[in-house]
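Below you'll find the structure, written out as structure tokens, and then a few comments.
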Amino acid sequence: MPIRFRLRWIPLCATITVAAAGIALGQWQTHRAEEKLAIQQRIEARAKEAPLQALPPDSEAGASEFRHVLLEGEFVPQWTVYLENRPHDGAVGFHVLTPFKIAGSQRVVMVARGWAPRDVADRVRVPHPPTPAGLTRIDGVLRRDAGHVLQLGQADAPRPGAILQNLDIAALAAASGLPLSSLVVEQRAAPPDGDDGLARDWPAPALGIDRHRAYALQWYALAAMALVFFLVTGLRRKGNDRQ
């Protein structure tokens with residue numbers, strides 16, 4: 001029995017709408033993946049550049065992020081703060097951050113010195129890793145912030161030894177009176193005078209390139225399924241058509 005295609009306007013309009021939306025969203029996810037890939041390539045390129053010997057100005061924070069930096073100065077241990085909800089190898093703990101005053105300058109930068117485990121029996125007890133005294137040389141990578149987790153409740157006011165969920169550099173600068181840079185240094189090596197017990201295998205930025213590509217594929221598949229469904233349901237045997 002002959003088969004012919006029956007065009008129905010309402011299903012056609014619905015198919016065009018769904019297919020157009022799927023293609024548009026797929027293209028957006030593809031574009032996001034390309035943007036994230038460019039960021040990853042920029043990170044890799046900056047990691048290969050010669051280390052900076054000075055802290056860049058705040059105006060160059062974006063262009064300096066992920067650069068290797070070598071700085072000399074002194075820690076300001078009384079203003080050490082602890083960022084909680086930072087797991088490491090499945091264990092709960094803190095990122096320990098201490099201000100670092102640059103030698104020969106009034107500038108101060110927060111140094112993410114490393115990760116330390118939390119005392120599960122006493123959650124308000126903080127670790128006290130030894131802090132190098134006097135002139136110290138640190139080896140690290142510049143970051144625009146110290147990372148961010150979901151803020152639960154109202155943020156606590158910065159104070160010496162505070163346990164914080166996220167680092168608000170402007171608030172910490174106001175509370176401490178320290179002229180803090182907007183940048184953060186992730187310390188990559190133990191102090192030259194010995195290990196302080198902190199873990200420093202910092203995670204790479206989670207760019208989600210593969211996730212964007214997977215989402216794009218799903219949206220393109222939705223558009224294709226809409227077209228296939230429209231074509232299949234439009235096919236009718238000639239003897240079954242009702243004129």
Side-chain angles (χ1 to χ4, degrees), residues 51-58 61 64-88 91-119 122-149 155-203:
L52 297 172
Q53 302 293 327
L55 185 67
D58 289 348
S64 303
E65 189 175 23
F66 304 112
R67 287 290 304 272
H68 184 197
V69 64
L70 300 173
L71 299 174
E72 284 191 343
E74 297 184 24
F75 282 106
V76 186
Q78 63 269 30
W79 274 98
T80 295
V81 295
Y82 304 85
L83 302 187
E84 62 178 342
N85 299 327
R86 266 60 176 189
H88 177 74
V92 295
F94 302 100
H95 283 174
V96 181
L97 287 88
T98 303
F100 187 80
K101 184 178 182 302
I102 308 300
S105 168
Q106 295 300 313
R107 301 189 69 197
V108 182
V109 63
M110 292 300 293
V111 175
R113 296 169 55 199
W115 178 91
R118 187 168 203 161
D119 187 340
D122 185 357
R123 295 183 59 81
V124 298
R125 182 180 179 185
V126 295
H128 293 283
T131 303
L135 190 63
T136 302
R137 185 176 178 85
I138 60 170
D139 180 338
V141 171
L142 293 171
R143 297 298 306 272
R144 296 186 69 172
D145 55 55
H148 191 275
V149 299
D156 293 333
R159 63 185 185 281
I163 296 176
L164 306 172
Q165 295 181 57
N166 295 293
L167 178 65
D168 184 335
I169 291 181
L172 182 59
S176 65
L178 297 171
L180 291 172
S181 166
S182 64
L183 289 161
V184 173
V185 176
E186 285 183 351
Q187 192 173 1
R188 295 296 171 128
D193 56 352
D195 188 9
D196 53 14
L198 296 173
R200 295 186 174 86
D201 49 339
W202 301 101

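Just so you know, these numbers use all the heavy atoms, side chains as well, and skip hydrogens, waters and symmetry mates.
Scored by the salt bridge (charged side-chain N to carboxylate O under 4.0 Å, His left out) test, Asp145 finds no partners at all (sequence neighbours excluded). By the side-chain contact (heavy atoms from CB on, under 4.5 Å) test, Ala54 pairs with no residue at all, sequence neighbours left out. Residues meeting the side-chain contact (heavy atoms from CB on, under 4.5 Å) test with Thr136, sequence neighbours left out: Phe75, Phe100, Pro132, Ile138. Residues satisfying the side-chain contact (heavy atoms from CB on, under 4.5 Å) test with Pro56, not counting sequence neighbours, are Leu52, Glu60, Ser64, Leu142, Leu183. Residues forming a side-chain hydrogen bond (donor to acceptor under 3.5 Å, both in side chains) with Arg67 (at least two apart in sequence, or on another chain): Glu49. Under the rule for a side-chain hydrogen bond (donor to acceptor under 3.5 Å, both in side chains), the partners of Arg188 that lie at least two apart in sequence or sit in another chain are Glu186. By the side-chain hydrogen bond (donor to acceptor under 3.5 Å, both in side chains) test, Arg200 pairs with Asp196, sequence neighbours left out. For Arg86, there are no side-chain hydrogen bond (donor to acceptor under 3.5 Å, both in side chains) partners two or more places apart in sequence or in a different chain. Under the side-chain contact (heavy atoms from CB on, under 4.5 Å) criterion, Ala174 pairs with no residue at all, not counting sequence neighbours.
Of all heavy-atom pairs spanning Trp115 and Ala91, the tightest one is CZ2-O, 3.7 Å. Of all non-hydrogen atoms in Asn166 and Gly147, the two that sit nearest each other are OD1-O, 3.9 Å. Here the closest non-hydrogen pair linking Ala112 and Leu97 is CA-CG, 3.8 Å. Residues Leu135 and Ala103 come closest through the heavy atom pair CD1-CB, 4.0 Å. Here the shortest heavy-atom pairing between Val96 and Pro129 reads CG1-CG, 4.3 Å. Contact record, Ser181 with Ile169: O-CG2, 3.4 Å, taken as the closest heavy-atom pair.
The environment of Gln53 atom CD is dense: over 12 non-hydrogen atoms of other residues, nucleotides or ligands sit within 6.0 angstrom. The 12-atom threshold is exceeded at CZ of Arg137, counting heavy atoms of other residues, nucleotides or ligands nearer than 6.0 Å.
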Between Asp201 and His88, is a side-chain contact (heavy atoms from CB on, under 4.5 Å) present by the stated rule, with each step listed? CA-CA 9 Å; Asp201 49 339; His88 177 74; 2.8 Å; yes

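Side-chain N or O atoms of Tyr82 include none that pairs as donor or acceptor with a backbone N or O of Ala116 at under 3.5 Å. Checked by atom type and distance alone, the side chain of Arg118 never pairs as donor or acceptor with a backbone atom of Phe94 at under 3.5 Å.
Taking the six-membered ring for Trp and thresholds of 30 and 60 degrees, Trp202 and His95 have ring planes more than 60 degrees apart, a perpendicular arrangement.
The shortest side-chain heavy-atom distance between Val149 and Glu84 does not fall under the 4.5 Å cut-off. Using a 4.5 Å cut-off on side-chain heavy atoms (C-beta onward), Val69 and Leu55 make no contact. Side-chain atoms of Val111 and Thr98, non-hydrogen and from C-beta on, never get closer than 4.5 Å to each other.
Identified under the side chain to side chain donor-acceptor pair (under 3.5 Å) test for residues 68-77, with sequence neighbours left out: His68-Asp139. Applying the side chain to side chain donor-acceptor pair (under 3.5 Å) test to every pair with at least one member in residues 126-135, sequence neighbours left out, gives these pairs: Arg113-Thr131. Pairs passing the salt bridge (charged side-chain N to carboxylate O under 4.0 Å, His left out) check and including a residue from residues 91-109, sequence neighbours excluded, read Asp58-Arg107.
Distance check, rounded to the nearest 0.5 Å: CD1 of Ile102 to CG of Leu71 gives 4.5 Å.
Of the candidates Val81, Val185, Val76, Val81 is the only one forming a side-chain contact (heavy atoms from CB on, under 4.5 Å) with Met110.
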